[in-house]
Amino acid sequence: MKSGNNLVVHISGNGQGIPVIFIHGFPLDHKMWDNQVEFLKEEYRCITYDIRGLGESPAGDGQYTIELFVDDLLEIMAEYTIEKPVLCGFSMGGYIAQRAVQREPDAFGGLILCNTRSESDNNEGKIKRAASVKLINMEGLETYVTDFISNCLSDISLKEKKGIFDKVISNSIKFDSLGVKGCLIAMAGRTDTTSFLEKITIPVLVIAGLLDKIASPLYMRTITEKLRLSEFAVAPNAGHLAPLENPGFVNDVIAGFLRRRITH
Ligand code: MLT
């Protein structure tokens with residue numbers, strides 16, 4: 001269905017259950033959470049959506065900030081009466097989730113940070129984003145997306161689950177390049193949420209991928225150590241795309257965290 005802010009939203013599962021909102025990463029869409037939604041839907045109200053400019057949510061003017069993505073999330077929560085959800089953000093979705101909790105600390109019941117970072121881009125990172133925008137302009141989205149997603153995967157996934165990831169790539173190359181570039185610029189301009197981590201009072205689950213080169217397990221452990229109420233898990237046989245590369249592990253860890261820590 002289409003929300004009032006024109007985003008594609010999917011709500012499934014147990015309408016009486018605790019709501020869990022899944023925020024996907026870049027350059028992906030809500031489908032990255034299919035395994036988790038399927039696993040959790042009997043017990044939980046599962047909400048996924050396509051971030052502005054990705055998947056089936058229209059790109060609009062392509063001028064995005066993480067603040068705008070948080071506005072979008074809060075508008076979805078208000079429109080569908082989603083109270084005190086657990087936010088589960090993967091990578092760019094994690095940037096949005098952290099900033100949402102920082103802006104509205106009382107609005108959420110728990111937080112799951114999956115393969116993500118709290119630091120903003122340094123100068124090298126910003127220059128890399130600019131180069132990515134240039135590459136998309138010069139060579140088109142397909143080259144960029146194929147390279148980017150392939151780099152996210154562990155060697156094991158590239159060999160053993162190639163079919164799954166070919167499907168992910170062929171989905172993402174159809175996105176509107178204006179939306180993809182808008183997300184790159186939004187990520188380059190995001191704030192640093194590191195000093196906020198120790199102020200978070202809700203339970204947080206941190207999930208890393210053992211072979212993640214973008215948000216390494218060592219780095220994600222440093223995030224966990226700053227949090228008050230946290231659990232930490234490292235998915236084996238997974239690079240940056242842990243929910244897709246090792247869904248069984250990620251599903252079990254999320255289900256365990258929700259059962260133990262979230263009780264409203
Ligand atoms: C993502 O998976 O969402 C991206 O890798 C995040 C990023 O590029 O910083």
Side-chain angles (χ1 to χ4, degrees), residues 21-33 35-36 48-55 57 64-70 72-73 87-100 111-136 141 143-154 157-158 164-165 168-169 171-173 175 177 179-194 206-217 219-220 223 235 238-247 250:
I21 304 184
F22 296 88
I23 315 178
H24 64 79
F26 166 91
L28 304 168
D29 65 11
H30 74 279
K31 294 192 203 101
M32 73 159 287
W33 296 115
N35 284 301
Q36 285 70 43
T48 58
Y49 65 100
D50 287 348
I51 288 171
R52 194 179 282 269
L54 299 180
S57 290
Y64 313 146
T65 58
I66 296 296
E67 297 311 302
L68 175 66
F69 292 152
V70 173
D72 283 341
L73 167 69
L87 269 189
C88 175
F90 165 81
S91 203
M92 179 176 75
Y95 310 155
I96 299 167
Q98 288 171 78
R99 187 63 193 126
L111 179 62
I112 301 172
L113 296 175
C114 210
N115 304 84
T116 192
R117 305 180 65 84
S118 60
E119 286 164 359
S120 50
D121 285 4
N122 58 17
N123 283 349
E124 194 188 344
K126 289 187 211 290
I127 290 167
K128 230 168 129 187
R129 302 281 188 205
S132 300
V133 170
K134 190 169 172 181
L135 181 71
I136 295 170
L141 194 57
T143 308
Y144 173 71
V145 161
T146 307
D147 250 38
F148 187 89
I149 294 180
S150 305
N151 277 333
C152 287
L153 299 168
S154 65
S157 303
L158 272 172
I164 298 177
F165 296 106
V168 173
I169 291 170
N171 186 50
S172 294
I173 61 177
F175 295 173
S177 61
V180 174
K181 291 186 286 184
C183 288
L184 281 163
I185 291 167
M187 288 191 286
R190 74 187 187 277
T191 57
D192 192 312
T193 48
T194 309
V206 178
I207 306 175
L210 184 62
L211 306 164
D212 189 342
K213 290 171 260 175
I214 296 172
S216 74
Y219 173 77
M220 294 212 68
I223 290 190
H240 185 57
L241 298 179
L244 285 157
E245 295 183 74
N246 196 341
V250 171

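Every heavy atom of this structure was used, including side-chain atoms; hydrogens, water molecules and symmetry mates were not. First listed ligand is number 1; within each ligand, the first listed atom is number 1. What you see is a predicted model; the values in this text were computed from it and never measured.
- Nearest heavy atom pair, residue D121 against residue R190, reads OD1-NH1, 2.7 Å.
- Closest heavy-atom contact between D192 and E119: OD2-CA, 3.5 Å.
- Ligand 1 is surrounded by G25, F26, F90, S91, M92, Y95, R129, F148, M187, I214, H240, each with at least one heavy atom closer than 4.0 Å.
- In this structure, the separation between CG on D29 and CG on D50 is 4.5 Å, given to the nearest 0.5 Å.
- Between F90 and W33, the ring planes are perpendicular. Angles over 60° get that label, and only those under 30° would be called parallel.
- When all heavy atoms are compared, the tightest approach of S91 to H240 is OG-NE2, 3.0 Å.
- Looking at every heavy atom in both residues, L158 comes nearest to S150 through CD1-O, 4.0 Å.
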